[in-house]
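So you know, we letter chains A, B, ... as the sequences are listed, proteins then strands, and number each from 1. Every heavy atom of this structure was used, including side-chain atoms; hydrogens, water molecules and symmetry mates were not. In this text the structure is predicted, and so the values were computed from the model without any measurement.
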Amino acid sequence: MSDSPENEPTTEVPYRFDVDATTASLLAEHGGIADGEETGVTATVAGRLMLKRDQGKIVFGVLQDSTGRIQIFAPAKTTPDFEGFSSLNLGDWIGVTGEVIKTRRGELSIRPSAWTLLAPTRRPFPDKWHGITDPDTRYRQRYVDLWVSEESSRTLRDRSRILSLTRRWLEDREFIEVETPMFHHVASGAMARPFATHHNALDLDLFLRIAPELYLKRLTVGGFERVFEIGRVFRNEGISTRHNPEFTMLELYWAYADYTDIMELVENLVSHLAVEICGSTTISYGDRELDLSTPWRRATMIELIAEHTGRELSIDMDRDALAAIATEFGVEVKEWYGPGKLILEIYEKTTEAKLWGPIYVTDYPKEVSPLSRDHREHPGLTERFEAIVAGRELCNAFSELVDPDEQLARFEDQEAERAAGEAEAMGMDRDYIRALQYGLPPTGGLGIGIDRLVMLLTDSKTIRDVVLFPTLRPEQGEVDSVASTDSDAIAAEPDSSETE
RNA sequence: GCGCCUCUAGCUCAAUUGGCAGAGCAUCGGACUCUUAAUCCGCAGGUUCUGGGUUCAAGUCCCAGGGGGCGUACCA
């Protein structure tokens, strides 16, 4: 950095600043006054200077804080250090104290009796009208995007509200929030490839969790009857508009409940959030409408396949007959696919994409549901469902498998699939079996992808818009760019031009 | 992974068949006492993502690489 006198203010910014109002509160309290009226009320606000209109003897600034914007009306006659105020840069953080007035043109404003530079910006802010349009820059420099893209700010603040509302809603129903390990010895509880890491002192290979499921059910065994966790999980797979390698999962376990109780819980929670965030249970997503009012339709996977293909399938059908039907629909059949996997593949190929929802797709085949309890009426199926909302899977839930011997057998089946070439088969967790041997009561469990829920409620078309800092490759030349701060910076300009 | 598209000043974008790399905003200097993306005058601002190649001449054409976007595959 330059040592020029012009840079001195950067070392004089205060350590703290007392604010007694927000732009939104001022607008709410005084927005109704007449043009040209003065309130006699003095307020102090702080934020960034986002616009500046210099009239010579009057400077109009626009200050933005986390609640909105207000105009700063600064006449030379009454503004302390008027020269300094008029030489502020767009993007500078300032604190302003002054009377709340409305200008003759009807803009609610603060007329400064004092102002303080809280932090200068040394880099120019983006175009004040266009902001940042390049998605790469928006995600990498979210700290700027949040100021210049109202949509980003609103969506990501809504995400925070959704998390808060969800926690409160669950706590109101006696669920307690817990934190379980992120480092797992075995990647299990879901079908996905994990990230691997290593603990040096223990000389121990570990995986970042792909799901908290098995730990949470250990807690049910331990007597936590209603428990949930909202936390990050990590899956080592592709990135897309719907996938970020780290994402946030809500998982919940409810002792003495079954999957029908979970269905009621999900639709009640989601419609509650829709009302709180969107103001209605009817919301729009993209160019379509979605009615989230309860109850949501329930239909079994086999019923839905029949609806969309006219084919009446059954889990009891001959494996090769199912394989032939699957092939007919374009499924790439692998040797180790049993009837259950074939039915799931047929569903995914023919039916899933046509569903808009909200709808519960129920009674998944046992073969593809290693943690779900056998269906009480239909052998070969389980009491599992997924909710499809806006054409996407929103959650996965089931009556939990409680029998340790059966669970052991399912894990062994998974290991056999892994051996047969299924890279994402679920890992064997023997301690979890031991926990089940102590007795897991009847339990309903649920997993909701929070990012997708936020996408739904904020009408976002990519997951990157609901994640503050989505996973990206490292920026090319990043270090050089940072090192060049002093040469391209606003703060370095005055000494170069004024000495000429 | 694969396919298609894209990358030019801090930001938003131009640049004809291959012919001197430009504008607006921001910044800097100047004018202006009610502006609303203020306006007006002026200065400055570039490794055209990188590296090769073709050509008298490349932002433009070719090859390789990098970043990003979209689609597809896997999944939540």
Pairwise C1' distance, B:C43 and B:G29 [rounded to whole Å]:
7 Å

Step through it carefully: locate the ring centre of A:Tyr139, locate the ring centre of A:Phe469, and say whether they are under 6.0 Å apart.
no

Taking only the P atom of each, what is the distance from B:C5 to B:G51 in whole angstrom?
24 Å

Which pairs, protein N/O on one side and nucleotides 69-74 of chain B N/O on the other, fall under 3.5 Å?
| unit_1 | atom_1 | unit_2 | atom_2 | d |
| --- | --- | --- | --- | --- |
| B:G69 | OP1 | A:Arg464 | NE | 3.1 |
| B:C70 | OP2 | A:Arg464 | NH1 | 3.1 |
| B:C74 | O2' | A:Glu424 | OE1 | 3.2 |
| B:C74 | O2' | A:Glu424 | OE2 | 3.0 |

Interatomic distance at C1', B:U72 relative to B:C62, whole Å:
28 Å

Pairs counted as Watson-Crick or G-U wobble with both distances under 3.5 Å: what dot-bracket string results for RNA chain B, using | for bases tied to another strand?
(((((((..((((.....[..))))..((((.......))))......(((((..]....))))))))))))....

Establish, with yes or no, whether the OP1 or OP2 oxygen of B:C25 is under 4.0 angstrom from a side-chain nitrogen or oxygen of A:Lys128.
no

Examine B:G67: is either OP1 or OP2 under 4.0 Å from a nitrogen or oxygen in the side chain of A:Arg473? Give yes or no.
yes

Quantified in whole Å, what is the C1' atom distance between nucleotide B:C40 and nucleotide B:U55?
46 Å

Atom-pair distance (CE on A:Met50; C1' on B:U36), nearest Å
15 Å

Between A:Arg111 and B:C34, is there a contact of a side-chain N or O with OP1 or OP2 at under 4.0 Å?
no

Return the value, rounded to whole Å, for the distance between atom CD of A:Gln71 and atom C1' of B:U36.
7 Å

Could you tell me whether the phosphate oxygens of B:G10, OP1 or OP2, come under 4.0 Å of any side-chain nitrogen or oxygen in A:Asn89?
no

Just the table, please: protein N/O against nucleotides 21-24 of chain B N/O, every pair under 3.5 Å.
| unit_1 | atom_1 | unit_2 | atom_2 | d |
| --- | --- | --- | --- | --- |
| B:G24 | N2 | A:Asp127 | OD2 | 2.9 |

Please report the distance separating the C1' of B:G22 from the corresponding atom of B:U48, rounded so that it comes out in whole Å.
12 Å

Determine whether the aromatic ring centres of residues A:Phe398 and A:Tyr259 are separated by less than 6.0 angstrom.
no

Separation between the C1' atoms of B:U54 and B:C41, rounded to whole Å:
46 Å

With rounding to whole Å, what would you report as the distance between B:A9 and B:C25 at their C1' atoms?
12 Å

Using the salt bridge (Lys or Arg N to Asp or Glu O under 4.0 Å) definition, which of the options A:Arg373, A:Lys217, A:Arg384 pairs with A:Glu400?
A:Lys217

At 4.0 Å (heavy atoms only), tell me whether A:Gly449 reaches a base, stays on the sugar-phosphate, or touches nothing.
nothing

Any A:Thr133 side-chain nitrogen or oxygen under 4.0 Å from OP1 or OP2 of B:C13
yes

Near A:Arg161 CZ, under 6.0 Å, is it more than 12 heavy atoms from other residues, nucleotides or ligands?
yes

Does the ring centre of A:Trp115 sit less than 6.0 Å away from the ring centre of A:Trp93?
no

Suppose you measure atom P in B:C11 against the same atom in B:U16; what distance do you get, rounded to whole Å?
23 Å

